[in-house]
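Chain identifiers are assigned alphabetically (A, B, ...) following the order of the sequence lines, protein sequences preceding nucleic acid strands; residue numbering begins at 1 within each chain. Only heavy atoms go into these numbers, but all of them, side chains included; no hydrogens, no water, no symmetry mates. Bear in mind the structure is a predicted one, so any value in this text is a computation, not a measurement.
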Amino acid sequence: MTTKYQAIKGVKDILPAEIEKWQFMEKTAREVFELYGFSEIRIPIFERTEVFTRSIGETTDIVEKEMYTFSDRSGDSLTLRPEGTASVVRAYVEHNLYNPSSVAKLYYMGPMFRCERPQAGRYRQFYQIGAEVFGTENPEIDADVIGMLMRYFERLGLKELELQINSLGCDECRPKFREALIEFLKGKRSLLCEDCQKRFERNPLRIFDCKSTNCHEATKGSPTIENYRCEGCKSHFDSTLSYLDRLNIQYAKNPKLVRGLDYYTKTAFEIVSKGLGSQNAIAGGGRYDKLVEEFGGPPTPAFGFAIGMDRTAQLIQPSALSLHASAPHVFIAALGERADLKAFELINVLRQNGIRGERDYEGSSLKSQLRKANKFGVKYTLIIGDKELDKGKAILRDMSSAQQDEADMERIVEIMTKKLRER
RNA sequence: GUGAGCGUAGCUCAACUGGUUAGAGCACUGGACUGUGGCUCCAGAGGUUGGGGGUUCGAGACCCCUCGCUCACCCCA
């Protein structure tokens, strides 16, 4: 047991039994996103460490303690991507993808890496599908992209999702709010829990969503972001909400919603699901109007989100999957060496004609081979032994009716093609 | 990083307060049926009870250490 290799903690294999869900998520994402004019971009699994520290923020949990960082042979510090937006922005700027006359819409999917303690719905290698729009501040885009996301989840058959939305303000109004909050909490600092003591320094906004009742009490009567938003942010948020209304998208305003990445401005949102344990956000995102500029590009407002595939997969009902028959069409049972050789050739001829064949490779008894055929769930089995070979025939057995006929070996492909078309 | 729970056959789980040779279902292999599946019946194979140490006449069970898994905190997708 102890010498058997195991996948690393927090990392798992996605086995054939569940792969259909994953292909379904990927296929549906491509369909829906492309309907909205998005193109796929494939970004590297790792980047220079600064790409992430700059964008995500030096004092965030991700950067401080969750990144897989290592030096390559030349001594450069590299990091396995903990999220996708930073790389997309880097690529956008690097390849001058900005086009002043239109927006750029990109999506990506793949694994991300964060070295956290694993938990239900949280892995060290986890999978995200993300989308980003560059080049407009228009709140129509905020609503439109959230609409696309909701449509995607609808296509997956997910129910009982809640969209929570907030506006974090911009670099004009957020610092003012932050100041006011620090001022308000200063005197109450000793009332805060240990975690919130730290948050006070780093990210006082987070104290809002602490579960400790003391901290909850301490924030009573405190200033809220709602009163501090500047005119621009206020109207942007109001417009976003009104566009959501026009799309008939339900939402819950959550002024306490704070995201863990520093780059967000204005709109921030999460989609949460019941029945997922405590890691209940299946998607999250928002606007980041300053990031492109910080990466050396022209001032370019942007909006994006990421979907947690592992969590989403848990919510997909088996009934939502189009059960494509994975069973082979025909099983070839061979008896003896001559027949085995014939079967070896025949199965390949069948495959060349689009017929999926399976066999037994152990030289088992006919009984055992038929048992196997049954397990594969094939409609037909071809039985070949010396007797049949001598006659140039094969026995064609219908597995559901148990009826058998002899079939000319030369006409097998033709006969099977016809039979399978009949079903 | 902190806390709690759990590790018994390939899988799901039994084994009363510590007491014979650790069981069952599913799955697997073979037979009943010398070249004919599903259903049934019979048989077989499969275990260092995660690992190490200790207590005891006796440990799967109790104690310690260790490894692993899970859940929660934190944080996020």
Classify the side chain of A/Arg122 and the base of B/rC74 as holding, or not holding, a donor-acceptor pair under 3.5 Å.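 Looking at the base of B/rC74, it does pair with a donor or acceptor on the side chain of A/Arg122 (distance under 3.5 Å).
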
When you measure only distances, ignoring hydrogens and angles, does the side chain of A/Arg371 come within 3.5 Å of the base of B/rG38 through a donor and an acceptor?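 Answer no: no donor N or O sits under 3.5 Å from an acceptor.
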
Send over the distance from [X] [atom1] to [N] [atom2], rounded to a whole Å.
X	N	atom1	atom2	answer
A/Tyr123	B/rC69	OH	P	13 Å
A/Lys65	B/rC74	NZ	C1'	6 Å
A/Gln369	B/rC33	CD	P	21 Å

For A/Asp289, all residues meeting side-chain contact (heavy atoms from CB on, under 4.5 Å), sequence neighbours excluded: A/Glu137, A/Thr265, A/Lys266, A/Arg287, A/Pro301

Does A/Cys173 have any side-chain contact (heavy atoms from CB on, under 4.5 Å) partners at least two apart in sequence or in another chain, and if so, which?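 A/Cys170, A/Cys230, A/Cys233.
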
Would you mind classifying the nucleic acid contact of [X] as base, sugar-phosphate or nothing, using non-hydrogen atoms under 4.0 angstrom?
X	answer
A/Ile129	nothing
A/Arg259	sugar-phosphate
A/Ala373	nothing
A/Met399	base
A/Gly121	base

With a 4.0 Å cutoff (strictly under), does any side-chain N or O of [X] reach OP1 or OP2 of [N]?
X	N	answer
A/Lys9	B/rC69	yes
A/Gln119	B/rC71	no
A/Lys367	B/rU29	no
A/Ser368	B/rU29	no

Got a minute to check which stems RNA chain B is part of, using Watson-Crick or G-U wobble pairs under 3.5 Å, three or more consecutive? B:1-7 with B:67-73, B:10-13 with B:23-26, B:28-32 with B:40-44, B:50-54 with B:62-66

With the six-membered base ring of B/rA77 as reference, does the ring of A/Phe126 sit under 5.5 Å away with planes under 30° apart? yes

Pairwise side-chain contact, A/Ile225 with A/Ser167, heavy-atom cut-off 4.5 Å (strictly under): no

Is there side-chain contact between A/Lys391 and A/Glu406, with at least one heavy-atom pair below 4.5 Å? yes

May I ask you to establish whether A/Lys105 and A/Tyr36 are in a cation-pi arrangement, using a distance under 6.0 Å from NZ or CZ to the six-membered ring centre and at most 45° from the ring axis?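 No; the conditions do not both hold, so A/Lys105 does not lie above the ring face of A/Tyr36.
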
